[in-house]
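Following: one structure in C-alpha cells, then a few remarks.
Here the structure is a predicted model, which is why all the values come from computation and not from measurement. Chain naming here is simple, since letters A, B, ... match the order of the sequence lines and numbering starts at 1 in each.
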Amino acid sequence: MKLERRHSWSLSPKEAIALQNDLRHEVIADRPLDLSAIRTVAGVDVSVKNEVSQAAVVVMTFPGFEPVETALAQRPTTFPYVPGLLSFREGEVLVEAFEKLRHTPDVFIFDGSGYLHPRRVGIASHMGLWLGVPTIANAKNRLCGTNQESGPERGAWTPVIDRGEVVGAALRTRPGCKPVFVSPGHLADLDTTIELIMATSPKYRLPEPIRRAHKAAGVFG
DNA sequence: GCGACAG
DNA sequence: ATCTTGTCGC
C-alpha cells in the first residue's frame, strides 16, 4: 500500500525526540472505531537477529481470523533500543513491509505502545500518521504511567495514568494472566481500542494478529 | 541524585 | 528483543 507520508530515519536520539514533539500534535487518539465496519485487521511485529531486523505484517479477516496476506521485509538494524524511541529502531523496516502490502487493512495492531507514551507518540501512533489508517497498540509491558491492578477476570481493566492524563489501559485478555497494556495509536480512541483488543484475543493473552505476525517475523520468515 | 524504562 | 531447561498449573 502507498503511505501518506515518510521521512528520513537517519536521526540522532535528540532529533528523534524533537520530531516526536512535532508529531504529537497531529495524533488523533479520541476517534471511536466502528467495529461493525471492520473486515480485515493486520498484526505488526519485528524480530532482531544478528544485526538484522525482519518486519512482518499479517493481514487477516475479522472476525474469523483467516489469513489474507503476509508481507515481510529485512534491513540491517541501526538505531539502538531506547525506551520511548522504539519507532526509530523499527520504523524503517516496517515501512518497507507496508509498501509491499497489496491489501489495505481496516486497522493495524502493533506490538508496542501508542498514545501510552511519554510524548504520546508511541510506534503505533507514529506509524499511524504514516499509514493514514487507524492503528491501535498492544504492549506486553507498560512504558510509562501508573495503574491499579485490574480484576482477575477476562475483560477487566483499569486506566493507565501518566502526568494526570488517561493514556491507556491495563487489560486482562485472559483470566489469571498478566494484563496487556493497550492504547489508541492514531484515528482510534481508548474505549474502542479495548473492544477490538478483546475481540481479537478470544483465546490467548495476545491478539491473534500479533501472534501471527510474531511467528512470521521469527527466526524463519 | 534515584528509580523507571514498549521491544 | 534475545539467551535457554525445567517446571508449575489447567
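Between A:T61 and A:T40, the side chains place no donor N or O within less than 3.5 Å of an acceptor N or O (distance only, hydrogens not considered). Counting only N and O atoms by type, the side chains of A:N21 and A:R119 include no donor and acceptor under 3.5 Å apart. One side chain, A:E165 or A:Y115, offers a donor N or O that lies under 3.5 Å from an acceptor on the other.
Between A:R142 and B:dA6 there is no side-chain N or O to OP1 or OP2 distance below 4.0 Å. Contact check, A:N141 against B:dC5: no side-chain N or O comes under 4.0 Å of OP1 or OP2.
As judged by a 4.0 angstrom heavy-atom cut-off over every strand, A:I123 is placed among the base-contacting residues. Residue A:G176 is classed as having no contact, given no heavy-atom separation below 4.0 Å to the nucleic acid.
For the pair A:Y81 and B:dG7, the ring geometry qualifies as stacking, because the centroid separation is below 5.5 Å while the planes lie within an angle under 30°.
To the nearest angstrom, P of C:dA1 lies 6 Å from CG of A:D45. Taking atom NZ of residue A:K215 and atom P of nucleotide C:dA1, one finds them 15 Å apart after rounding to whole Å. Computed from coordinates, the A:L206 CG to B:dA6 P distance equals 15 Å when rounded to whole Å. Separating the CG atom of A:L116 from the P atom of B:dA6 is a distance of 11 Å, rounded to the nearest angstrom.
Ring geometry for A:F79 versus A:F88: interplanar angle of 30 to 60°, hence tilted.
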